[in-house]
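Since this is a predicted model, take the numbers as computed values, not measurements.
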Amino acid sequence: MTEFWLLVKYIILGLFQGFTEPIPISSSGHLVILRELFNIEIKGLSFEILVNFGSLLAVLVIYRKDIIRLVTNFFRFIFAKDEAAKADFQFMMYLVIATIPTGVIGLLFEDYISSKLSTVAIVGVTLLITGFALWIIRNLRGNKNDREISLKDAIIVGLAQAVALIPGISRSGATIVAAMLLGMKRETALRFSFLLYIPVSLGITVMSASDIVNDKNFDVLMIPYLLAFMASIIASYFALKWFINIMANGNLKYFSYYCFIAGILVILFL
């Protein structure tokens, strides 16, 4: 019965991480909360790497057409100097540039963030910050499309993503808030945010592969980890599909309400 309950806990963790990764309520913050509620101490980063990779696969499936077009036009511009492909080439370059702040700050402060900022108290406060940021942009529409994104826009959105390394600050929320404050249309902000997630998540997965290989807990917890991984793929796919519709209808205020309520409850009771 104990082993069965352990499997259920990890499946729930995978589902929650997968569901909360695409939507602006912080997947890392919710993992901290759930680990506290379930009294699970997950040592090392293998679990988070696996479930985040599951979310990455879901994003790749949903945005596969955009990815194929961007990559194709990126190389068409480099090798054939096709002017029709220039806009997609620039978009790809801006994604690369926006990735740099997260990579640098992550490498420099990963240990500090994991040891000092991954607490329930911090998550309660940062959820309130996320809710406030979402409230600010709840009625914004913007007018910039993919072709009108600038180098400055890419750097600012990249810095916003780096801030989201702190548990409780939503990655999708931070990048979408920054993008919309810079005047991007909702669909452009959403697309840039999730295409930006791909190189960051892929980089973390590749650089952390050795952590999984050398994780002493992995052999013992292989089944729970893999079940959580599969749960995160499924949950992320449907959550992102749902969130795309939410963005189209401009209903971000509901996520703001949720973050306010969740943050207050965490601070008061956990």
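Within the 6.0 Å centre-distance limit, the rings of F91 and F192 are counted as a close aromatic pair. For an aromatic pair to be called close, the ring centres must be under 6.0 Å apart, and W242 with F255 satisfies this.
Taking a 6.0 Å sphere around CZ of R141, one finds it holds 12 or fewer heavy atoms contributed by other residues, nucleotides or ligands. A 6.0 Å sphere centred on CZ of R69 holds more than 12 heavy atoms belonging to other residues, nucleotides or ligands. Residue F229 places its CZ atom among more than 12 non-hydrogen atoms of other residues, nucleotides or ligands, all under 6.0 Å distant. Atom CZ of F260 sits in a crowded spot, with more than 12 heavy atoms from other residues, nucleotides or ligands closer than 6.0 Å.
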Checklist line | Derivation of the side chain to side chain donor-acceptor pair (under 3.5 Å) call for Q161 and T175 | finding: CA-CA 6 Å; Q161 179 169 253; T175 51; 5.6 Å; no
Next item on the list: Assess whether side-chain contact (heavy atoms from CB on, under 4.5 Å) is satisfied between T188 and K144, documenting all intermediate values.
Entry: CA-CA 8 Å; T188 299; K144 285 185 184 176; 5.8 Å; no
Margin query: side-chain contact (heavy atoms from CB on, under 4.5 Å), that's the test. Do I25 and S170 meet it? Break it down for me.
Written below: CA-CA 5 Å; I25 60 173; S170 165; 5.8 Å; no
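A salt bridge links R35 with E48: the closest approach of a Lys/Arg side-chain nitrogen to an acidic carboxylate oxygen falls below 4.0 angstrom. Between K185 and D146, none of the side-chain N atoms (NZ, or NE/NH1/NH2) sits under 4.0 Å from a carboxylate O, so this pair counts as no salt bridge.
Between R191 atom CZ and L70 atom CG the span is 8.5 Å, to the nearest 0.5 Å. Taking CD1 from I137 and NZ from K253, the interatomic distance works out to 13.5 Å, rounded to the nearest 0.5 Å. We find the CE-CG distance between M93 and L151 to be 9.5 Å, quoted to the nearest 0.5 Å. Between the CG atom of L227 and the CG atom of L50 there is a distance of 11.5 Å, given to the nearest 0.5 Å. A distance of 4.0 Å separates CZ of R171 from OG of S193, quoted to the nearest 0.5 Å. Rounding to the nearest 0.5 angstrom, the gap separating the CG atom in D88 from the CZ atom in R147 is 6.5 Å.
At a threshold of 4.5 Å between non-hydrogen side-chain atoms, the residues N52 and T205 do not count as touching. Taking 4.5 Å as the limit, some side-chain heavy atom of S55 sits within range of a side-chain heavy atom of Y197. By the 4.5 Å heavy-atom criterion applied to side chains, M92 and V71 are counted as neighbours. Put simply, the side chain of T20 does not reach to within 4.5 Å of the side chain of S26, judged on heavy atoms. For the pair I176 and F243, the minimum side-chain heavy-atom distance is below 4.5 Å.
Under the side chain to side chain contact (heavy atoms under 4.5 Å, CB included) criterion, E36 pairs with V120, sequence neighbours left out.
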Please set out all donor-acceptor pairs under 3.5 angstrom arising from side-chain atoms of residues 77-87, sequence neighbours excluded.
residue, atom, partner, partner atom, Å
K81, NZ, I78, O, 2.9
D82, OD1, A84, N, 2.9
D82, OD2, R76, NE, 3.3
D82, OD2, R76, NH2, 2.1

